[in-house]
Amino acid sequence: MRLDFYLSHVTELARKAAKIAASKGRVTVNGVVVKKANYTVQEDDEIHLDDTLLAWPSEGYYLLNKPADYVCATQDSDHPTVLDLVPPHLGQGLKIVGRLDKDTTGLLLLTTDGQWLHRITSPRSRCNKRYRMMLAEPISDEALTQLENGVMLNGEAEPTLPAVVERISECDIFLTIQEGKYHQVKRMLAAVGNKVEELHRDQIGPLELDADLAMGEFRALTDAEVAYFK
Ligand code: URA
């Protein structure tokens, strides 16, 4: 693994700041100053930043920009899984926080911490998830109000919880919901006679997807971001 990648995972430094720290001679590997960000570190290397000995955190917390065509499963015989996007040494024990459909893109959290995962996905937490979508048909004000108030989904006994809707244009809206029922957003739009053509999640609770994180890329959460859900 590259030194700058390692530093950005185990410290608060972003990748660019990690490169600069190394170039300034602040990093040693097994007692030797290493200035090159692309230096390959090994699992048993002793790495210091200034005087601090670094270690992999005991739990991993990552944010991934999920591309279409990847499934949210640990294994799948027909499709690549989101865990294929994470290097094997980080992927061990990682669990997927909630599910996005194969064709849905955007913010997906991965963690080794089961309690943290539960706090986000438990229906009792009422954690907000914001989706942006392109619709097959222009959506009426009446349909938006129905979505906001709650709609009956096929096969469910209770209507959906109140939601927040923001119209961008005729066929382009944001929808923020607190539940995570199977195919919930697509079923909500079907319930008001529309169809979701493209679906993208850009926010979970206060955590927003980084504008500069390309599809398929991931990064470690900061301690402050992990603490949002503690
Ligand atoms: N709702 C859906 O219908 N699909 C998703 O992937 C996420 C929420």
Side-chain angles (χ1 to χ4, degrees), residues 1-19 21-22 27 37-43 45 47 49 52 54-76 79-122 125 127-132 180 199-230:
M1 178 192 346
R2 285 173 58 114
L3 178 61
D4 56 344
F5 186 81
Y6 172 84
L7 291 172
S8 69
H9 274 74
V10 304
T11 72
E12 291 287 301
L13 298 177
R15 194 86 176 252
K16 198 166 161 201
K19 275 185 193 164
V27 180
N38 65 358
Y39 178 89
T40 302
V41 298
Q42 309 295 337
E43 235 169 76
D45 281 341
I47 302 168
L49 173 65
T52 307
L54 304 179
W56 281 107
S58 50
E59 299 283 9
Y61 304 88
Y62 301 100
L63 174 163
L64 170 75
N65 188 358
K66 178 194 175 296
D69 299 328
Y70 282 75
V71 292
C72 287
T74 39
Q75 278 189 328
D76 190 284
H79 304 99
T81 82
V82 291
L83 295 181
D84 293 333
L85 296 163
V86 178
H89 64 279
L90 293 182
Q92 283 193 358
L94 270 190
K95 298 180 245 306
I96 303 162
V97 182
R99 295 278 181 271
L100 291 177
D101 298 336
K102 181 160 81 73
D103 55 352
T104 302
T105 58
L107 174 49
L108 186 70
L109 298 174
L110 307 170
T111 185
T112 54
D113 182 342
Q115 283 189 350
W116 189 81
L117 176 151
H118 183 70
R119 272 195 292 274
I120 298 171
T121 55
S122 160
S125 302
C127 181
N128 280 329
K129 281 141 309 224
R130 186 169 78 163
Y131 296 88
R132 184 168 181 175
L199 187 58
H200 178 79
R201 183 161 68 190
D202 72 344
Q203 194 168 350
I204 299 178
L207 189 60
E208 283 189 62
L209 183 61
D210 316 41
D212 57 356
L213 194 69
M215 287 280 175
E217 283 189 354
F218 72 100
R219 68 167 176 86
L221 295 187
T222 64
D223 291 346
E225 288 170 333
V226 172
Y228 291 159
F229 306 104
K230 285 206 162 164

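Just so it is clear, the structure is predicted and the values come from calculations on it, not from any experiment.
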Original post:
Does the pair R15/D4 count as a salt bridge with the N-to-O cut at 4.0 Å?
Top reply: yes

Inter-residue atom distance [X].[atom1] - [Y].[atom2], 0.5 Å rounding:
{"X": "E12", "Y": "L7", "atom1": "CD", "atom2": "CG", "result": "12.5 Å"}
{"X": "L54", "Y": "D45", "atom1": "CG", "atom2": "CG", "result": "11.5 Å"}
{"X": "T40", "Y": "R2", "atom1": "OG1", "atom2": "CZ", "result": "8.5 Å"}
{"X": "L83", "Y": "Q75", "atom1": "CG", "atom2": "CD", "result": "9.5 Å"}
{"X": "E208", "Y": "R130", "atom1": "CD", "atom2": "CZ", "result": "6.0 Å"}
{"X": "R201", "Y": "L108", "atom1": "CZ", "atom2": "CG", "result": "6.0 Å"}

Original post:
What residues, two or more places apart in sequence or in another chain, satisfy side-chain hydrogen bond (donor to acceptor under 3.5 Å, both in side chains) together with R119?
Top reply: none

Subject >> side-chain hydrogen bond (donor to acceptor under 3.5 Å, both in side chains) against Y70, all qualifying residues, sequence neighbours excluded >> reply: none

Which atom of [X] lies closest to which atom of [Y], heavy atoms considered:
{"X": "A37", "Y": "K19", "answer": "CB-CG, 3.4 Å"}
{"X": "L64", "Y": "V82", "answer": "CD2-CB, 3.8 Å"}
{"X": "S8", "Y": "A18", "answer": "N-CB, 4.4 Å"}
{"X": "T105", "Y": "A68", "answer": "CG2-N, 3.5 Å"}
{"X": "I96", "Y": "C72", "answer": "CD1-C, 3.6 Å"}

Original post:
Between D101 (side chain) and D103 (backbone), is there a donor-acceptor pair under 3.5 Å?
Top reply: no

**OP:** May I ask you to decide if T104's main-chain N or O and K66's side chain share a donor-acceptor pair within less than 3.5 Å?
**Re:** yes

Atom pairs and distances, side-chain donor-acceptor, residues 209-221, under 3.5 Å, sequence neighbours left out:
residue: D210; atom: OD1; partner: R219; partner atom: NE; Å: 3.2
residue: D210; atom: OD1; partner: R219; partner atom: NH2; Å: 3.4
residue: D210; atom: OD2; partner: R219; partner atom: NE; Å: 2.7
residue: E217; atom: OE1; partner: A214; partner atom: N; Å: 3.3
residue: R219; atom: NH1; partner: E225; partner atom: OE1; Å: 2.9
residue: R219; atom: NH2; partner: E225; partner atom: OE1; Å: 3.4
residue: R219; atom: NH2; partner: E225; partner atom: OE2; Å: 2.9

Original post:
Do K102 and D69 pass the side chain to side chain contact (heavy atoms under 4.5 Å, CB included) test, and can you show the C-alpha distance, the side-chain angles, and the key distance before you say yes or no?
Top reply: CA-CA 5 Å; K102 181 160 81 73; D69 299 328; 4.1 Å; yes

**OP:** Among I120, T121, V97, find the residue that satisfies the side-chain contact (heavy atoms from CB on, under 4.5 Å) test when tested with C127.
**Re:** I120

Subject >> Among W116, Y228, F229, ring pair (Phe, Tyr, Trp, His ring centres under 6.0 Å) partner for Y61 >> reply: W116

Original post:
Which is it for I47 and Y6 under the side chain to side chain contact (heavy atoms under 4.5 Å, CB included) test, yes or no, and what are the steps along the way?
Top reply: CA-CA 10 Å; I47 302 168; Y6 172 84; 3.6 Å; yes

Original post:
Does the side chain to side chain contact (heavy atoms under 4.5 Å, CB included) test come out yes or no for L49 and L13, once each step is laid out?
Top reply: CA-CA 11 Å; L49 173 65; L13 298 177; 4.0 Å; yes

**OP:** Give the C-alpha distance, both sets of side-chain angles, the deciding distance and a yes or no for side chain to side chain contact (heavy atoms under 4.5 Å, CB included) between L109 and L63.
**Re:** CA-CA 5 Å; L109 298 174; L63 174 163; 4.1 Å; yes

